[in-house]
Amino acid sequence: MVHEAGHFTFAKLFGVKVNEFSIGMGPKILSRKKGETRYSWRLLPIGGYVSMEGEDSDSEDERAFGKKPCWQRIVIVVAGALVNIIIGLILVAVSLGISDSLAGTNYIHSFYDANGKQVAEMNGLKSQDKILKIDGKNVYYYTDVYYLASRDAGKTSDVTVIRDGKKMELNGIEFPSSSLVITGINKTPLTVFKDTFKESVSICRMVWLSLFDLVTGKYSVKDVSGPVGVVDVVSKTAEESVKESDPSGLLTMLALITINIGLFNLLPIPALDGGRLLFLVIELIRRKPVNQKYESLVHGIGMALLLLFMAAITFKDIYTLVVK
């Protein structure tokens with residue numbers, strides 16, 4: 001909803017005629033027209049759309065999407081993802097603010113061995129090491145340490161640390177991610193402010209790296225979830241939050257989802273915002289638009305493939321829930 005609201009708001013600001021604002025796809029459940037725009041709630045909870053005059057076809061209406069300057073159309077297309085990321089930042093800030101945990105750092109506090117005993121050294125790493133990089137990737141926040149370590153589970157990593165004031169390169173480190181304890185510090189409004197951006201950057205990178213790992217075959221389609229699978233995970237996270245009387249975990253999960261939606265939509269895939277953005281960038285470079293007929297054909301094919309993929313993933317999610 002907030003994603004589509006981003007498109008809708010900037011379309012209205014720039015004077016574009018909006019024919020319909022819809023949440024969901026498929027048959028209408030509720031629909032009401034107010035002014036020139038029809039507001040709809042549709043049966044399938046797999047997205048939504050803002051239908052603008054002249055968006056996918058030629059229109060002589062002076063308020064048509066295609067009649068607006070290229071830069072305004074770019075802003076309208078990007079606005080949905082931007083709102084997702086802003087909402088994600090707000091959710092991260094609230095999560096960090098209400099959490100009972102200390103503010104995170106990238107310093108190692110200690111380790112736990114196989115017997116549950118706390119030790120100061122493990123596999124070449126020492127307590128008080130400040131982790132700067134893991135396999136060449138910067139560590140901005142403590143969650144980066146756990147994510148990058150788990151991403152390379154079963155393999156050794158090259159780790160850059162600062163130890164006793166000196167920068168060191170440690171090669172072939174077997175990361176003990178499950179037994180690693182990170183040093184925390186007292187939380188203040190300043191640490192919450194800084195950590196909000198650090199964690200949001202970490203989430204963004206996690207999304208991109210996960211997509212990269214999916215494309216390169218590190219993960220398979222069975223590791224992908226659609227709306228049904230996401231609801232299952234969110235419900236379990238919500239139950240855990242209620243048990244612990246701490247909603248911060250649920251808020252972080254929601255932040256991950258909304259940032260994920262924003263970044264995924266910016267991928268240069270036909271029918272997604274990123275696909276439309278690609279055509280607009282080409283128009284900006286060529287100084288003339290791509291033939292509307294060809295662009296509509298590309299987006300139409302892309303939408304059909306996207307819906308087929310979403311249907312397959314939804315079936316997989318339902319099957320997994322039933323089997324479990």
**Prompt:** What residues join Val181 in its hydrophobic cluster, counting side-chain heavy atom gaps under 4.5 Å, either direct or through other members?
**Reply:**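 Hydrophobic cluster check, Val181: joined to Tyr112.
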Considering non-hydrogen atoms only, spot the tightest contact between [X] and [Y] and give its length.
{"X": "His109", "Y": "Ile182", "result": "CB-C, 3.9 Å"}
{"X": "Lys28", "Y": "Ser40", "result": "CE-OG, 4.0 Å"}
{"X": "Val83", "Y": "Gly6", "result": "CG2-CA, 3.6 Å"}
{"X": "Ala271", "Y": "His299", "result": "N-ND1, 3.1 Å"}
{"X": "Leu125", "Y": "Leu170", "result": "CD2-CD1, 3.8 Å"}

**Message:** Does Lys137 form a salt bridge (Lys or Arg N to Asp or Glu O under 4.0 Å) with Asp144? I'd like the steps, not just the answer.
**Reply:** CA-CA 9 Å; Lys137 295 178 177 60; Asp144 290 330; over 6 Å; no
[X], [atom1]: over 12 other non-hydrogen atoms inside 6.0 angstrom:
{"X": "Trp208", "atom1": "CH2", "result": "yes"}
{"X": "Asn291", "atom1": "CG", "result": "yes"}
{"X": "Arg286", "atom1": "CZ", "result": "yes"}
{"X": "Tyr107", "atom1": "OH", "result": "no"}
{"X": "Lys67", "atom1": "NZ", "result": "yes"}
{"X": "Glu36", "atom1": "CD", "result": "yes"}

Whether the [X] and [Y] side chains hold a donor-acceptor pair (N or O, under 3.5 Å, no angle test) is what I'd like checked.
{"X": "Ser241", "Y": "Asp246", "answer": "no"}
{"X": "Tyr49", "Y": "Arg42", "answer": "yes"}
{"X": "Ser127", "Y": "Glu121", "answer": "no"}
{"X": "Thr105", "Y": "Lys130", "answer": "no"}

So do [Y] and [X] actually touch side chain to side chain, heavy atoms under 4.5 Å?
{"X": "Val290", "Y": "Ile282", "answer": "yes"}
{"X": "Asp232", "Y": "Ser235", "answer": "yes"}
{"X": "Val233", "Y": "Met253", "answer": "yes"}
{"X": "Asp135", "Y": "Leu148", "answer": "no"}
{"X": "Ile74", "Y": "Leu277", "answer": "yes"}

So does [Y] get a backbone contact from the side chain of [X], meaning a donor-acceptor N/O pair under 3.5 Å?
{"X": "Ser95", "Y": "Leu91", "result": "no"}
{"X": "Asn106", "Y": "Tyr141", "result": "no"}
{"X": "His7", "Y": "Val50", "result": "no"}
{"X": "Asn260", "Y": "Leu256", "result": "no"}

Using a strict cut-off of less than 4.0 Å between a Lys/Arg side-chain nitrogen and an Asp/Glu carboxylate oxygen, indicate whether [X] and [Y] qualify as a salt bridge.
{"X": "Lys187", "Y": "Asp195", "result": "no"}
{"X": "Glu62", "Y": "Lys17", "result": "no"}
{"X": "Lys33", "Y": "Glu20", "result": "no"}

**Prompt:** For Leu211 and Leu267, what are the C-alpha separation, side-chain angles and deciding distance, and is it a side chain to side chain contact (heavy atoms under 4.5 Å, CB included)?
**Reply:** CA-CA 10 Å; Leu211 286 169; Leu267 292 175; 4.0 Å; yes
**Item:** Test log, rule side chain to side chain contact (heavy atoms under 4.5 Å, CB included), inputs Trp71 and Leu284
**Value:** CA-CA 8 Å; Trp71 72 268; Leu284 202 62; 5.8 Å; no
**Request:** Name the orientation class of the two ring planes belonging to Phe10 and Phe14 (parallel below 30°, tilted from 30 to 60°, perpendicular beyond 60°).
**Result:**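 Rings of Phe10 and Phe14: tilted, as their planes differ by 30° to 60°.
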**Message:** Below 30° counts as parallel, above 60° as perpendicular, anything between as tilted: where do the rings of Phe21 and Tyr39 land?
**Reply:**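 If you compare the ring of Phe21 with that of Tyr39, the planes turn out tilted.
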**Any residue meeting side chain to side chain contact (heavy atoms under 4.5 Å, CB included) with Ser59, in chain and number order, not counting sequence neighbours** =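 Once residues adjacent in sequence are excluded, the partners of Ser59 under the side chain to side chain contact (heavy atoms under 4.5 Å, CB included) criterion are Glu53, Asp61, Ala64.
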